[in-house]
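The structure appears right after this line, and notes come after that.
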There are 2 protein chains.
Amino acid sequence: MTRANLRDVAERAGVSVRTVSNVVNAPEVVAAATRERVQRVIDEIGYRPNIAARQLRRGRGDVIGLVVPEIDSPYFAELAAHVVRAAEELGWTVLVEQTDGDPDRERDLLDGARGHGVDGVVFSPWALTPAEVSRRAGAPPVVVLGEQAGSGHVDRVAIDNRAAAREATAHLLAGGRRRIAAVGIQPHLSNQTAGQRLAGYREALAAAGLAADDALEVPVDRLHHADGVEAMAGLLALPEPPDAVFCFTDQLALGALRACAVRGVRVPDDVALVGFDDIEAGRYAVPALTTVAPDKERLAELALATLAERMADRSLPGRDLLVPHALVVRESAPT
Amino acid sequence: MTRANLRDVAERAGVSVRTVSNVVNAPEVVAAATRERVQRVIDEIGYRPNIAARQLRRGRGDVIGLVVPEIDSPYFAELAAHVVRAAEELGWTVLVEQTDGDPDRERDLLDGARGHGVDGVVFSPWALTPAEVSRRAGAPPVVVLGEQAGSGHVDRVAIDNRAAAREATAHLLAGGRRRIAAVGIQPHLSNQTAGQRLAGYREALAAAGLAADDALEVPVDRLHHADGVEAMAGLLALPEPPDAVFCFTDQLALGALRACAVRGVRVPDDVALVGFDDIEAGRYAVPALTTVAPDKERLAELALATLAERMADRSLPGRDLLVPHALVVRESAPT
DNA sequence: ACGTGGCATTGCAACGTTGCAAACTGGGTA
DNA sequence: TACCCAGTTTGCAACGTTGCAATGCCACGT
């Protein structure tokens, strides 16, 4: 028993295939009586439109791709939740791909090598430069999340990372901290986000008349808890340890928190901690994380709205859109 | 400039459309010289197969759906990461849908109302009973994650929740705890998972000759941090508070952990805590969570393998497959 | 009686691909 | 020389849907 199609419905309802199609797609043009009769048959035999055929005919499938480094990092998971919800609002479904931060995979996915016929892509780059993304932006329209402005021909939605980092650092300074470390630098990547945050951090220090200290700018391999533990351990082992740490992600901060705890270093008394992303786990950590909260919901909505506009008009110039953020002050770095 | 298709390639390469198709799908049947010439043209004009057309013709699209309550819960996020990876291994892509634990949405998604032409579904039910899932399992094959055995005609992959809960509770008993609470009961849902864990918990108590105490079996609305905080607050306010708590998810346990911390209750000294799921955040909490660790990777792999088999033969009887789990002992409930 | 216009319904073709079976090629064999 | 076979290549049709344009129908006004 193969799946029912328009023809099956049409035969049983005694109408043409086209009319059934109309009942499904534009009920208002069909006479009420006909519509009801056809609808009854549809329900009866459980007809469902064949998406592939529809997509082939219409030229679009209402499916978008979400390309992220890893879906299991809380930030991306939360973002994905918002993207999926916002997509549903628009009648789209979301296909998830993971790049694992591998530049080749990012390239492949953008090139559509594995592009499963999506109509558009929301791309959170890790290793690819904006220029390369711009160049590769081929078949399906792409919206880039994060990165810095002026990427060129691609649409981009992000928070002001530099300003956010400046605020976070300024908050620590306002709390009387003077020896503030930054954790999360990724020198081996051309990813701009970490660079932006580092820049903001340095600006805030400079504005307070403090000199940057190489020993306090800590590179990490990835942005997981483990990297935060390691980085913090290194900082605490310094002859002159910091009195505050600005972590570029909440995961790093949570790792740092644990590194402090196991060494008996008190947060925030001995070291204040600020994170970035405002993931759920940070709100319930002990102490709760002070963090930069990007408006993820808006980020997702704006990304999809932008994608929709570009799908409608591919000739639009590349746009750079800013999403608001807020510094959420909690226990790990109180006022 | 519309996207290149087989005909474009064929014309430029001076061969038939069918030969180009062969170069793409079965290179070995094409003579080396022809193959190379065609391949060159393909690369040149950047031809990519049209997935919709292929899917229409072949009758499958190599896309599966992952239907979960919420993709941003760490457990589901981690599971999704494994599913996406395992799917890629099989040449599939994954489409994510969220039910938000809404029974109607679960029904709709299963019925394929929004089923975007997926070839199969990995379904993590929340509110739907196995029987209902079984009944609804219509168009695309479904593999159910979790739930209890004997669901009927549907394939099911899960850990032995009851045994796992028994082990977790037994571990607390072995540590000398006698007043052990269980947090995570969901009386308003027909979901079986919580019930299984509760059963295991009770069995362990009974085996130790301890009576169950209603006050220690705490229902929750959802399974988030906030619910854990609330539940733990209630338990600590009891005239006779527990000396150990078994939480049905790590998120609940992390919430409970915080509730203890803000009240100055020491973990594990005053109260021991065991979680469930082994999410990354639990490994870096302070104290690190003792928890039941399901083999998520294997769970994902087995689910997809099962799905593949069912896609190959829809007449197979429903199978119940078990995935191993392990109790990971950490600081929140040491030996 | 006839034309007009609006509404409802219809047939045809095409989207890009692949299954099937037939057709062609060249060299080897009877 | 006629024939056959294996290796290549090809044409045709069909997957299920929808855009387009045309048709049929009926009530209405003149």
Side-chain angles (χ1 to χ4, degrees), chain A residues 1-39 41-42 45-63 91 112 115-119 139-140, chain B residues 1-42 45-63 91 112 114-119 139-140:
Chain A
M1 179 209 76
T2 160
R3 193 147 149 226
N5 59 22
L6 282 182
R7 199 155 51 83
D8 299 330
V9 178
E11 279 170 9
R12 277 182 73 138
V15 294
S16 76
V17 168
R18 199 62 185 75
T19 296
V20 181
S21 172
N22 281 336
V23 170
V24 174
N25 296 292
E28 69 280 3
V29 312
V30 181
T34 316
R35 190 195 317 144
E36 279 165 31
R37 181 157 39 94
V38 172
Q39 189 59 53
V41 176
I42 288 179
I45 68 179
Y47 164 79
R48 301 278 168 216
N50 179 315
I51 305 296
R54 175 176 284 178
Q55 175 169 359
L56 174 59
R57 187 62 247 245
R58 287 186 177 166
R60 67 200 164 75
D62 296 335
V63 177
H116 271 254
V118 296
D119 301 330
Chain B
M1 178 210 76
T2 160
R3 194 149 147 219
N5 58 23
L6 282 181
R7 198 155 52 82
D8 299 330
V9 178
E11 279 170 11
R12 277 183 73 138
V15 295
S16 76
V17 167
R18 198 62 186 72
T19 296
V20 182
S21 172
N22 281 336
V23 171
V24 175
N25 297 293
E28 70 279 3
V29 310
V30 181
T34 317
R35 189 194 319 141
E36 278 164 32
R37 181 157 41 93
V38 171
Q39 189 58 55
R40 203 164 9 248
V41 176
I42 288 178
I45 69 180
Y47 164 78
R48 300 278 170 217
N50 179 315
I51 305 298
R54 175 177 285 179
Q55 175 170 0
L56 174 59
R57 188 62 246 244
R58 285 186 178 167
R60 63 198 170 77
D62 296 336
V63 176
R114 277 179 55 74
H116 272 254
V118 296
D119 301 331

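Residue numbers begin at 1 in each chain, while the letters A, B, ... track the order of the sequences. From a predicted model like this one, the values you see are computed outputs, not experimental measurements.
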- Message: Without decimals, in angstroms, what is the distance between B:Asp8 CG and C:dC15 P?
- Response: 11 Å

- Item | OP1 or OP2 of D:dT10 under 4.0 Å from side-chain N/O of B:Thr19 | yes

- For the student: nearest non-hydrogen atoms of B:Tyr47 and B:Val24, plus distance: CE2-CG2, 4.1 Å

- Note on the structure: Nearest-nucleotide check on DNA chain D, B:Leu56 vs B:Ala32; residue mapping nearer the 5' end is B:Ala32

- For the pair made of CZ in B:Arg48 and C1' in C:dC15, what is the distance, rounded to whole Å? 20 Å

- Query: Which atom names give the shortest non-hydrogen contact between B:Ala13 and B:Val38, and what distance separates them?
  - Reply: CB-CG2, 4.1 Å

- Item | Euclidean distance, atom CZ of residue A:Arg35 to atom P of C:dC7 [Å, nearest integer] | 14 Å

- Compare every heavy atom of A:Val17 with every heavy atom of A:Arg7, then report the nearest pair and how far apart it is. CA-CG2, 3.9 Å

- Nearest-Å distance, CG (B:Asn5) to C1' (C:dA14)? 12 Å

- Message: Categorize A:Arg58 for me: base, sugar-phosphate, or nothing, with a 4.0 angstrom heavy-atom threshold over every strand shown.
- Response: sugar-phosphate

- Has A:Ser16 got a side-chain N or O lying under 4.0 Å from the OP1 or OP2 atom of C:dT9? no

- Item | Side-chain-base donor-acceptor pair under 3.5 Å for B:Arg18 and C:dG19 | yes

- Is it true that a side-chain atom of A:Arg35 and a backbone atom of A:Pro27 form a donor plus acceptor pair closer than 3.5 Å? yes

- Taking CD1 from A:Ile51 and P from D:dT17, how many angstroms apart are they, rounded to a whole number? 9 Å

- What nucleotide among D:dC20, C:dT18, C:dT9 has an atom nearest to a side-chain atom of A:Asn22? C:dT9

- Query: With distance as the sole criterion, do the side chain of A:Arg57 and the base of D:dT17 form a donor-acceptor contact below 3.5 Å?
  - Reply: no

- Message: Nearest whole Å is fine: how far is C:dG19 P from B:Leu6 CG?
- Response: 12 Å

- When you get a sec, tell me which of D:dA13, D:dT17, D:dC12 is the closest nucleotide to the side chain of A:Arg54? D:dT17

- Query: Base, sugar-phosphate alone, or nothing: which one does B:Asn25 contact when heavy atoms must sit under 4.0 Å apart?
  - Reply: sugar-phosphate

- Are the side chain of B:Arg3 and the backbone N or O of B:Gly46 linked by a donor-acceptor pair below 3.5 Å? no

- Of A:Asn50 and B:Ala31, whose nearest nucleotide on DNA chain D comes first from the 5' end? B:Ala31

- Query: Are any of A:Thr34's side-chain N or O atoms less than 4.0 Å away from OP1 or OP2 of C:dA8?
  - Reply: no

